[in-house]
J.: 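Structure provided below as structure tokens; questions to follow.
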Number of protein chains: 2
Amino acid sequence: MTMSNTAGRRKPPTIHDVARVAGVSRGTVSRVLNGGHYVSPAAQEAVNAAIRKTGYVVNRHARSLITGRSDSIGFLLTEPQEKLFEDPNFNVLLRGCTQALAAHDIPLLLMLAGTEDERRRITRYITAGHVDGVLLVSSHSGDPVAEELREAGVPLVQCGKPMGLGSKVSYVAADDRDGARDMVRHLLSLGRRRIGVVTGPLDTPGGVERLAGYKEVLTDGGVEIDERLVVTGDYSRASGAAGAERLLERAPDMDAVFVASDLMAQGVLSALRRAGRRVPEDVSVGGFDDSPAATESAPALTTIRQPWDRISSEMVRVLLAQIGGDDPAAVILPTVLVRRDSA
Amino acid sequence: MTMSNTAGRRKPPTIHDVARVAGVSRGTVSRVLNGGHYVSPAAQEAVNAAIRKTGYVVNRHARSLITGRSDSIGFLLTEPQEKLFEDPNFNVLLRGCTQALAAHDIPLLLMLAGTEDERRRITRYITAGHVDGVLLVSSHSGDPVAEELREAGVPLVQCGKPMGLGSKVSYVAADDRDGARDMVRHLLSLGRRRIGVVTGPLDTPGGVERLAGYKEVLTDGGVEIDERLVVTGDYSRASGAAGAERLLERAPDMDAVFVASDLMAQGVLSALRRAGRRVPEDVSVGGFDDSPAATESAPALTTIRQPWDRISSEMVRVLLAQIGGDDPAAVILPTVLVRRDSA
DNA sequence: TTCTCTACTGTGAACGCTCACATACGCAGG
DNA sequence: CCTGCGTATGTGAGCGTTCACAGTAGAGAA
């Protein structure tokens, strides 16, 4: 990393310049910059005018050097990174977090830890205090990064419920179980009784919880659980198609499928079409996520909307609170059933 | 932005600690950290051992304060941000840039400038010198951000050829025109003669260039340009469907379509299906991008692959070179025709 | 020897900011 | 009158680096 100084950019004004122009001291300028307590209205105004006039922008490095915080936070993805391309939710989340942080004037550092090497590098970077906190996307269980960061005392908020022991780590998640309940209840209300399910990976809380909601509602509704109607996918489109094929093979009388993600549901739709089943006439299909893909499929997917915009803003809120000294917190947000054509 | 210091994180070791442990001075440690010139092998080794022992990580803020560079770069998206969700290429690009930078130990700051407010805030942030350079994604013409940053002397690399006057701004782009040529040549080789085109927005270089390639090959091949076979889309799936409908209406004898993006091509495929045309029997369809969507559609899309991984790494290379003092550079990378089922 | 040159090492200053402290100015109460 | 207190302001120190400069030591040349 060798970068020489760039020619043609002139030195930006410092707090000193502002103080001189405003006719006050550095201290007063600094106080105005940091909330304006103990500053007379006259000085306040003079400083603000001087800031406008000089075009002053605070030098965050100098500030960080003394405050010990970086005023920046990391967005860390430890999933294998193909997920980045397959899952549209990731985009919504990343955008939401970036904007929520921007509102606090905090830059977001994007960190991708696909390989072991990257993981080590990033862990060092974070624990060295170069970010004040971390927004973590990592649904798989046993992720050592989360544990390592937690032990190092780095403020941390996970997206989605962590699997491990209820270790004291903050997280924000949609109510997976309740969303699944809503969908399966909806399928029941349509008169369906042979309801299949394509779950997510069962080492992810989303996979487990959505399956649990499915079983709960069926049991409560007096429908017996048939394990032939339960298959596991990995949230990919292909695994959805494969899952549907397996379901049709094991339970040809299936009249509905609850699919734990929209992407998988797209695969399910293709497989059903190939098998000659009409959706929703022969088989109702319910997805999960309300991703953009949901409206693009034919027929449009009935699905469970996860409130991604709220998830991202809550993640940021919880993280900043934790950085401010609050205890870790768990936030679970309600989902919404979105009725379209597939069920 | 108020963040109190977090409890429970202890002070990281400084260059002083390393020097003490290694039995040398700060200066020597600093020299080892910055390339190790004029350091004896013995001192070198002692310092490295001390670094390992103490777990020292350089404090980038202190370094930046004196060097005047931030050793971080910004990834700036000025497109309306729905593009972020619709366009899978964006993901590939973002990931590629992050990783290419990671190899240089440079963090990437994600900046989204959707609104006017955000634009101003981000421009201030950048011109204040808080990043050493900017990777810019902004295909629309007349983007004032690019101009503003250029005037401020901020090293800048655009993704895609900028529209404006050949102003001296670096960019990295795929060879749009040549890619279009390849595809249309391919369609001609299949015996198609009534070849329609759904272009991108004509205020983007991609839109213009791909259309130019299309016209070039037809003219060279002795096929007369029929303006009824030319419609303009906006890279969205919906605009592809609408475009195909308009084409069919104006030229029912169309036997092929070159679509300027895979996403639009998906819309075209749906529209053709709805109109009862078989692909590729009745109408051949050629896309552009080779996005993940290309293999997911039915039939799988014949398309032009843009070398996104190389685009991102070249963007980073060019930007770092420019930060190092090099002149702005333009890089144009070759595309590849990927034959699948749709043509 | 003495002088120069090269390779290496240590030291003080400075980067731009915040924080703790000192100070100054009313204005109340004793 | 002095004391005390709350508000408002200025000042010095120091955050952890790098950089320029001043050395030091040893080798080779005069």
Side-chain angles (χ1 to χ4, degrees), chain A residues 1-5 9-47 50-51 54-72 105 128-130 132, chain B residues 1-5 9-47 50-51 54-72 105 128-130 132:
Chain A
M1 190 170 43
T2 51
M3 296 181 175
S4 79
N5 235 318
R9 270 207 262 179
R10 66 177 175 294
K11 240 177 148 136
T14 76
I15 205 174
H16 241 110
D17 302 321
V18 175
R20 194 165 30 72
V21 171
V24 297
S25 72
R26 287 162 19 240
T28 300
V29 177
S30 177
R31 277 183 285 265
V32 170
L33 254 34
N34 296 284
H37 301 301
Y38 289 94
V39 184
S40 67
Q44 183 96 243
E45 186 40 51
V47 169
I51 288 175
T54 55
Y56 170 79
V57 178
V58 66
N59 181 327
R60 300 170 90 103
H61 302 302
R63 170 182 287 171
S64 293
L65 185 53
I66 182 157
T67 61
R69 49 187 156 81
S70 66
D71 292 327
S72 68
D105 205 30
H130 289 313
D132 294 336
Chain B
M1 191 170 48
T2 50
M3 298 181 175
S4 79
N5 235 319
R9 270 207 262 180
R10 65 178 175 293
K11 238 176 149 132
T14 76
I15 204 173
H16 242 112
D17 301 322
V18 175
R20 193 165 30 72
V21 171
V24 298
S25 71
R26 283 160 25 238
T28 301
V29 177
S30 178
R31 277 182 286 265
V32 170
L33 254 33
N34 296 285
H37 301 301
Y38 287 98
V39 183
S40 67
Q44 183 96 242
E45 186 39 51
V47 169
I51 287 175
T54 55
Y56 169 79
V57 178
V58 65
N59 181 326
R60 300 171 91 104
H61 302 301
R63 170 182 286 171
S64 294
L65 184 56
I66 182 156
T67 61
R69 50 188 156 79
S70 65
D71 292 327
S72 68
D105 205 29
H130 289 315
D132 294 335

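Side chains included, hydrogens not; waters and symmetry mates left out as well; all remaining heavy atoms used. Note on naming: letters A, B, ... go to the chains in the order of the sequence lines (proteins, then strands), and numbering restarts at 1 for each one.
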J.: Would you name the heavy atoms of A:Val18 and A:Val47 that are closest together and state the gap between them?
T.: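 So the two residues come closest at CG1-O, 4.2 Å.
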
J.: When the C1' atoms of the five terminal pairs at each end define the local axes, what inter-axis angle does the helix from C:dT1-D:dA30 to C:dG30-D:dC1 show, to 10 degrees?
T.: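 Inter-axis angle at the termini of the helix from C:dT1-D:dA30 to C:dG30-D:dC1: 70°.
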
J.: Take atom NE2 of A:His16 and atom P of C:dA14, then tell me their distance rounded to the nearest Å.
T.: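 So the two atoms are 13 Å apart, to the nearest Å.
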
J.: Hey, are the side chains of A:Leu33 and A:Ile51 touching, using non-hydrogen atoms and a 4.5 Å cut-off?
T.: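 Counting from C-beta outward, A:Leu33 and A:Ile51 do come under 4.5 Å.
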
J.: In whole angstrom, what separates B:His61's NE2 from C:dG16's P?
T.: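 These atoms are roughly 16 Å apart.
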
J.: Can you tell me how far apart NE2 (B:His61) and OG (B:Ser70) are? Round to the nearest 0.5 Å.
T.: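 Answer rounded to 0.5 Å: 11.0 Å.
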
J.: Expressed in angstrom and rounded to an integer, what is the separation of A:Arg69 atom CZ from C:dC17 atom P?
T.: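 The distance from CZ of A:Arg69 to P of C:dC17 comes to 14 Å, rounded to the nearest Å.
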
J.: Would you give the length of the straight line joining atom OG1 of B:Thr67 to atom CG of B:Asp132, rounded to the nearest 0.5 angstrom?
T.: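 Reported value, rounded in 0.5 Å steps: 8.0 Å.
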
J.: What are the 5'-most and 3'-most nucleotides of DNA chain D lying under 4.0 Å from any heavy atom of chain A?
T.: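 Taking any atom under 4.0 Å from a heavy atom of chain A, the span is D:dT7 to D:dG16.
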
J.: Any side-chain heavy atom of A:Arg60 within less than 4.5 Å of one from A:Asp105?
T.: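 Contact flag for A:Arg60/A:Asp105 side chains = yes.
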
J.: Between atom OG of B:Ser25 and atom CZ of B:Arg20, what is the distance when rounded to the nearest 0.5 Å?
T.: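 Taking OG in B:Ser25 and CZ in B:Arg20, the distance rounds to 14.0 Å.
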
J.: Please report, rounded to the nearest Å, how far the C1' atom of C:dG16 is from the CZ atom of B:Arg63.
T.: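 Rounded to whole Å, this separation is 18 Å.
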
J.: Can any side-chain N or O of A:His130 pair as donor or acceptor with the backbone N or O of B:Val58 at less than 3.5 Å?
T.: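 Here the side-chain-to-backbone pair exists.
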
J.: Measure across B:Thr14 and B:Tyr56 and return the closest heavy-atom pair with its distance rounded to 0.1 Å.
T.: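 Where B:Thr14 meets B:Tyr56 most closely, the heavy atoms are C-CE1, 3.5 Å.
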
J.: Short question: side chain of B:Ser30, backbone of B:Arg26 - any donor-acceptor pair under 3.5 Å?
T.: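 Side chain of B:Ser30 to backbone of B:Arg26, a donor-acceptor pair under 3.5 Å: no, none is there.
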
J.: Could you list, one pair per line, each protein nitrogen or oxygen that sits under 3.5 Å from a nitrogen or oxygen of nucleotides 6-13 of chain C, together with the distance?
T.:
| residue | atom | partner | partner atom | Å |
| --- | --- | --- | --- | --- |
| C:dT9 | OP1 | B:Ser40 | OG | 2.6 |
| C:dT9 | OP2 | B:Ser40 | N | 3.0 |
| C:dG10 | OP2 | B:Ser25 | N | 2.7 |
| C:dG10 | OP2 | B:Ser25 | OG | 2.9 |
| C:dG10 | OP2 | B:Thr28 | OG1 | 3.0 |
| C:dG10 | N7 | B:Arg31 | NH2 | 3.1 |
| C:dG10 | O6 | B:Arg31 | NH1 | 3.3 |
| C:dG12 | O6 | B:Arg26 | NH2 | 2.4 |
| C:dA13 | N6 | B:Arg26 | NH2 | 3.0 |

J.: Is there side-chain contact between A:Asp17 and A:Lys11, with at least one heavy-atom pair below 4.5 Å?
T.: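 No - every pair of side-chain heavy atoms lies 4.5 Å or more apart.
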
